[in-house]
Amino acid sequence: MRLPPRILSILQLAAIGMAMAAIFVVDTGTRYEVAAAVFYAIVILIATPALGRSGLTVLTVACIGLTVSSFWLTPHGDFHAGLINTGISIAAIVMTAYLVIRMEAARTAADLAQAQLMRMARVKNLEGLTTSIAHEVNQPLAAIVTSGHACQRWLAQAPPNLDKARQALARILDDADRASSIIVRVRSLTKGEPAHKSAFDFNPAILEVLALAQAEIERNGIVLMADLAPDLPHAHADRVQIQQVVGNLVLNAIEAMATQPAHSRVLRVSSGVSDGGTLALAVADTGVGFPPEMAERLFEAFWTTKPHGIGVGLSISRAIIEANGGQMEAHPHAGGGAVVRFTVPSILQETPS
Ligand code: ADP
């Protein structure tokens with residue numbers, strides 16, 4: 001059973017309060033030499049997902065206040081050791097709070113970069129740009145996630161390994177910079193690239209695009225079903241252009257489902273191979289669909305039914321697929337919605353030039 005978010009945050013706050021009370025009791029009751037207050041750093045770490053920046057600041061101040069109070073209330077032990085331990089504990093608390101606040105900021109920047117990238121993939125179609133950036137940006141984003149987890153682990157140690165955490169944080173910031181500089185570079189591009197055909201593994205290329213669209217898919221409450229056939233022969237086409245097309249079809253499908261009831265939004269992406277060795281990809285949705293007689297109109301340049309649409313996404317996509325030696329068509333889906341399919345040559349075939 002899943003608890004409502006409000007109850008969950010009340011429970012989290014109660015748990016944080018209890019942990020702080022326990023640390024306070026132990027820190028006050030034990031001798032000066034026992035630096036139990038460093039465990040406040042772990043409380044800060046655990047509280048991070050539940051609290052915002054200002055909440056974390058308040059928590060940090062409270063932890064420091066409790067550490068100082070414990071120091072004054074502790075009845076026995078070596079006073080000087082207590083003084084040093086209190087200093088170390090406060091330093092650990094402040095550094096942990098500082099690092100988690102920076103880490104959260106880096107994460108937010110990465111999320112924004114990803115959302116911006118999805119929007120840009122669409123604009124890029126207009127300008128004939130490629131989606132090679134999808135691959136390039138995904139790498140720093142994945143690295144940010146890895147370093148973020150490492151940072152959390154270093155901070156969770158008792159006492160926290162602040163040096164290692166600082167190094168992980170530096171990597172996060174570098175990677176976030178890299179992601180945003182890629183986006184800046186792509187923005188400056190105005191011309192499309194000619195098709196560079198080469199052999200590539202079809203399914204992983206599709207999965208990369210789906211990973212990029214994941215946040216948008218989740219935001220729209222869509223169930224994604226990737227039905228990718230195993231052991232496909234390698235495709236022989238321009239990998240980034242094919243990814244650009246898939247990204248466009250996925251965005252169209254997401255938009256087509258935006259007005260549908262939330263529980264019925266399903267996006268199914270299926271790959272396969274024909275007897276002749278041609279690879280095929282189908283993007284099916286449960287969106288608004290279109291009447292069968294409209295199937296060809298969809299591919300007309302500047303034909304759109306969207307208030308802010310431009311109507312060039314599908315015409316460019318078809319042009320790209322044809323330039324790569326494949327074909328593209330759209331059909332109304334049997335159970336409602338639409339399915340757009342395209343083919344690309346595999347390495348088993350002679351590629352039309
Ligand atoms: P735009 O998205 O700017 O309108 P496109 O060329 O991508 O341009 O699409 C043209 C039109 O085709 C859309 O306005 C929409 O009416 C229709 N269309 C595209 N994809 C779908 C889909 N998955 N389901 C229903 N209609 C679609």
Side-chain angles (χ1 to χ4, degrees), residues 115-131 133-134 186 190 192 206 209-210 212-228 238 240-272 280-324 326-344:
Q116 192 181 9
L117 185 65
M118 278 311 285
R119 283 196 296 277
M120 282 186 53
R122 160 143 288 189
V123 175
K124 215 155 36 94
N125 272 340
L126 288 175
E127 300 165 349
L129 302 178
T130 72
T131 51
I133 46 147
V186 170
T190 49
I206 306 305
V209 180
L210 296 180
L212 192 66
Q214 189 65 37
E216 200 63 24
I217 290 171
E218 278 172 18
R219 218 186 338 272
N220 285 275
I222 294 169
V223 174
L224 170 66
M225 298 169 96
D227 191 5
L228 305 181
D238 187 319
V240 290
Q241 288 190 344
I242 300 304
Q243 287 186 313
Q244 180 180 352
V245 169
V246 178
N248 188 47
L249 298 187
V250 168
L251 281 174
N252 269 347
I254 292 172
E255 286 182 357
M257 290 189 278
T259 52
Q260 302 300 96
H263 62 271
S264 66
R265 298 176 193 167
V266 180
L267 172 67
R268 183 185 283 272
V269 179
S270 340
S271 66
L281 190 90
V283 177
D285 62 60
T286 53
V288 288
F290 53 87
E293 61 276 15
M294 295 283 241
E296 272 307 300
R297 287 217 79 176
L298 264 58
F299 296 99
E300 283 176 20
F302 302 108
W303 189 83
T304 180
T305 55
K306 299 172 192 169
H308 302 291
I310 302 165
V312 294
L314 282 180
S315 53
I316 289 177
S317 296
R318 183 182 254 180
I320 288 174
I321 292 299
E322 288 176 354
N324 278 276
Q327 287 172 349
M328 178 181 268
E329 54 189 29
H331 301 283
H333 198 238
V339 51
V340 183
R341 285 197 183 86
F342 69 80
T343 58
V344 278

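We count ligands from 1, going down the list as the structure has it; atoms in each ligand are counted the same way.
- Under the side chain to side chain contact (heavy atoms under 4.5 Å, CB included) rule, V269 has a single partner from D285, L224, D227, which is L224.
- A donor-acceptor distance shorter than 3.5 angstrom exists from the side chain of N220 to the backbone of E216, with no hydrogens or angles considered.
- For ligand 1 and D285, the ligand atoms under 4.0 Å from any heavy atom of the residue are 22 (C), 23 (N).
- Ligand 1 is never approached by G287 to a heavy-atom distance shorter than 4.0 Å.
- Where the criterion is an N or O separation shorter than 3.5 Å, residue side chain and backbone included, K306 meets it with respect to ligand 1.
- Each of the atoms 1 (P), 4 (O), 14 (O) of ligand 1 lies under 4.0 Å from some heavy atom of T304.
- T343 pairs by the side chain to side chain donor-acceptor pair (under 3.5 Å) definition with nothing, not counting sequence neighbours.
- In this structure, the separation between CD on Q244 and CG on L249 is 10.5 Å, given to the nearest 0.5 Å.
- Not one N or O on the side chain of R265 forms a donor-acceptor pair closer than 3.5 Å with the backbone of G221.
- Taking distance alone, with nitrogen or oxygen atoms compared against 3.5 Å, S315 stays at or beyond that limit from ligand 1.
- Checked against a 3.5 angstrom limit, the closest N/O atoms of V340 and ligand 1 fall outside it.
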